[in-house]
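Here the structure comes first, spelled out in structure tokens, and everything after it is commentary.
Since this is a predicted model, take the numbers as computed values, not measurements. Numbers here simply count residues along the sequence, with the first being 1.
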Amino acid sequence: MARNGPLEGIKILDFTHVLSGPFGSALLGDLGAEIIKVEPPDFGDNTRYAGPPFQNGESPYFFCCNRNKRSIVVDLKRPEGVEVIRRLLPGVDVFMENFRPGVMDRLGLGYEQVKAIKPDLIYASLTAFGREGPYKHKPGYEVIVQGLTGLIHLTSPPGGPPAKIQVQLVDLCTGMFLAYAVLGALYDRLATGRGRRVETSLLESTLAMLAHLAGMCFMQGHVPNGLGTRNPLAMPSQAFRTKDSHVVVVAPGKSWDRFCAALGQPDWAKDPDLSNGAYRVQHYGEVSDMVEKITAARTTREWLDIFEAHDLAAGPINTIAQAFEDPGVRAVEMVKTMAHPKAGEIQILREPWRLSGVEPGPWLPPPLFGQHTVQVLQEYGFTESEIEELKRKGAVTGL
């Protein structure tokens, strides 16, 4: 499939690995940018080996964030390998990396060193804890940052074992923030011709996502934990027990009256206390018990029909497997089937947006390790003899 997204013609050298950085570059690839994924020899990106499950030896972890990319293998510990990258630089627009601060400088590919070769380059760095501060050289991963920023405390039951958010929100949102900032820098370059250094970190991104929870902490000094599905600033906004499982319902503002009618409790809508949103939040436990005495008498399916008839926001609690069979999920066609050179037919998620005039991707399946080394080097002017010499020295490997 030909690329025809709004970033068509933009070329990105992508040194990111694991999840956060690769997810950010994948989003730019979804918009049509050409992504050249640079992997180290021997092992490549660690997520290639994360599992089980595997499909013919290929990992779902790698598949989820490496669509629309070509893979080249370059040994940056060899001067010849670094020189390969230097020769690629004039032909690219964005340089992305997520190593610890100082690593790329020691390799000769830090911001100032690269800027000297390509002044209008967008140099995007993603770190765990930023370039400053006492944690800047520490390794950082999803669960570490969830613990540091209070997310694990927030989701854990009081007195119970710590419970992380299983969706890798720290990694994924940091990747999105990086892609967002890169787009801003590219737009600025159109007007000014100026390159920029773009930076974000797992720590800063997660703090930004605290949003209203941070506001609660600033105002009252703490945020309650062990809330389950409850919204700490609204009620009802949670899952209620039913006869056979649970139903999730949200009834903010004036929809409280419709919620009361759906429950068969019109008098609640006339009660001056219960009709006050702040009162319901402050007396969450009491009101929740009142509601569940009613919801427990019917099945989830019955309540979904009742809430829909009263124009209320409601839904089931699906497993992930059930989610992909849900008619509403199937209707948005997020799952794409592609041919992979090793795994065979694979299913991956497409980009979560639609642009008029642009055929939904992905453009390319996740690449094999070093699948495009020779192809990319040839495109950037390396001769066959130069490529063979680089292979002989171990500076590059791959097909």
Side-chain angles (χ1 to χ4, degrees), residues 1-17 21-22 24-41 44-45 48 62 65-76 78-97 104 107-109 113-124 179 182 186 189 195 338-342 358-359 361-399:
M1 181 186 297
R3 299 170 190 261
N4 64 338
L7 292 187
E8 185 177 5
I10 296 295
K11 295 179 170 58
I12 299 176
L13 267 182
D14 180 18
F15 296 84
T16 63
H17 51 284
S25 58
L27 295 177
L28 297 171
D30 289 335
L31 289 168
E34 176 188 318
I35 313 294
I36 301 170
K37 183 178 179 70
V38 184
E39 299 188 69
D45 191 320
R48 288 186 178 277
F62 183 81
C65 56
N66 286 288
R67 59 190 179 271
N68 298 330
K69 300 179 185 181
R70 295 190 292 170
S71 168
I72 68 173
V73 178
V74 181
D75 190 349
L76 299 181
R78 296 177 181 270
E80 297 89 351
V82 173
E83 186 57 33
V84 167
I85 300 303
R86 289 176 173 272
R87 283 185 59 179
L88 296 180
L89 284 172
V92 302
D93 303 281
V94 181
F95 184 109
M96 300 180 71
E97 60 91 14
M104 296 306 272
L107 292 171
L109 295 171
Q113 296 154 318
V114 167
K115 182 182 176 183
I117 300 171
K118 175 77 171 175
D120 65 346
L121 188 74
I122 308 302
Y123 191 102
V182 166
L186 284 170
R189 195 180 71 167
M338 303 189 77
H340 186 272
K342 182 179 177 185
V358 178
E359 184 71 21
W363 322 101
L364 296 171
L368 297 176
F369 180 53
Q371 181 180 349
H372 306 97
T373 300
V374 172
Q375 180 188 78
V376 168
L377 293 185
Q378 288 175 338
E379 289 175 6
Y380 281 76
F382 287 78
T383 65
E384 184 175 338
S385 61
E386 286 178 316
I387 295 171
E388 289 304 314
E389 180 65 11
L390 289 168
K391 282 186 173 182
R392 187 185 67 79
K393 291 180 177 180
V396 304
T397 55
L399 304 177

Drop me the distance from [X]'s [atom1] to [Y]'s [atom2], to the nearest 0.5 angstrom.
| X | Y | atom1 | atom2 | answer |
| --- | --- | --- | --- | --- |
| Phe15 | Ile85 | CZ | CD1 | 4.0 Å |
| Leu88 | Glu83 | CG | CD | 10.0 Å |
| Leu377 | Ile387 | CG | CD1 | 5.0 Å |
| Asp120 | Lys115 | CG | NZ | 11.0 Å |
| Tyr123 | Leu109 | OH | CG | 7.0 Å |
| Leu399 | Ile72 | CG | CD1 | 13.0 Å |

Residue pair Phe95, Lys118: steps toward the side-chain contact (heavy atoms from CB on, under 4.5 Å) verdict: CA-CA 10 Å; Phe95 184 109; Lys118 175 77 171 175; over 6 Å; no
Testing the basics here: between [X] and [Y], what is the closest heavy-atom pair and its distance to 0.1 Å?
| X | Y | value |
| --- | --- | --- |
| Gly5 | Val358 | CA-CG1, 4.1 Å |
| Leu28 | Leu7 | O-CD1, 3.7 Å |
| Gly81 | Val74 | O-CG1, 3.4 Å |
| Gly370 | Ser71 | N-OG, 2.9 Å |
| Pro366 | Phe62 | CB-CE2, 4.0 Å |

Between [X] (side chain) and [Y] (backbone), is there a donor-acceptor pair under 3.5 Å?
| X | Y | result |
| --- | --- | --- |
| Glu39 | Asp45 | yes |
| Lys11 | Asp93 | no |
| Arg189 | Ile122 | no |

Non-hydrogen side-chain atoms of Ile12 and Val182 separated by less than 4.5 Å: no
Derivation of the side-chain contact (heavy atoms from CB on, under 4.5 Å) call for Arg86 and Val82: CA-CA 6 Å; Arg86 289 176 173 272; Val82 173; 3.8 Å; yes
Side chain to side chain contact (heavy atoms under 4.5 Å, CB included) partner of Lys391, the single match among Val73, Thr373, Val374: Val374
Criterion side chain to side chain contact (heavy atoms under 4.5 Å, CB included) against Pro365, the qualifying member of Gln371, Lys342, Met338, Lys69: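 Of the listed residues Gln371, Lys342, Met338, Lys69, the side chain to side chain contact (heavy atoms under 4.5 Å, CB included) partner of Pro365 is Met338.
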Salt bridge (charged side-chain N to carboxylate O under 4.0 Å, His left out) evaluation trace for Glu388 with Arg392: CA-CA 6 Å; Glu388 289 304 314; Arg392 187 185 67 79; over 6 Å; no
Those residues that, when tested against Thr383, pass side chain to side chain contact (heavy atoms under 4.5 Å, CB included) (two or more places apart):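 For Thr383 the side chain to side chain contact (heavy atoms under 4.5 Å, CB included) partners, ignoring immediate neighbours, are Ser385, Glu386.
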Cation-pi geometry met for Arg87 and Phe382 (6.0 Å, 45°):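 Yes; both conditions hold, so Arg87 lies above the ring face of Phe382.
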From Asn66, Thr16, Asp14, residue fulfilling side-chain hydrogen bond (donor to acceptor under 3.5 Å, both in side chains) relative to Lys37: Asn66
Full working for side-chain contact (heavy atoms from CB on, under 4.5 Å) between Glu80 and Asp75: CA-CA 8 Å; Glu80 297 89 351; Asp75 190 349; over 6 Å; no
Criterion side-chain contact (heavy atoms from CB on, under 4.5 Å) on Ile36 and Glu34, from CA distance to verdict: CA-CA 7 Å; Ile36 301 170; Glu34 176 188 318; 3.7 Å; yes
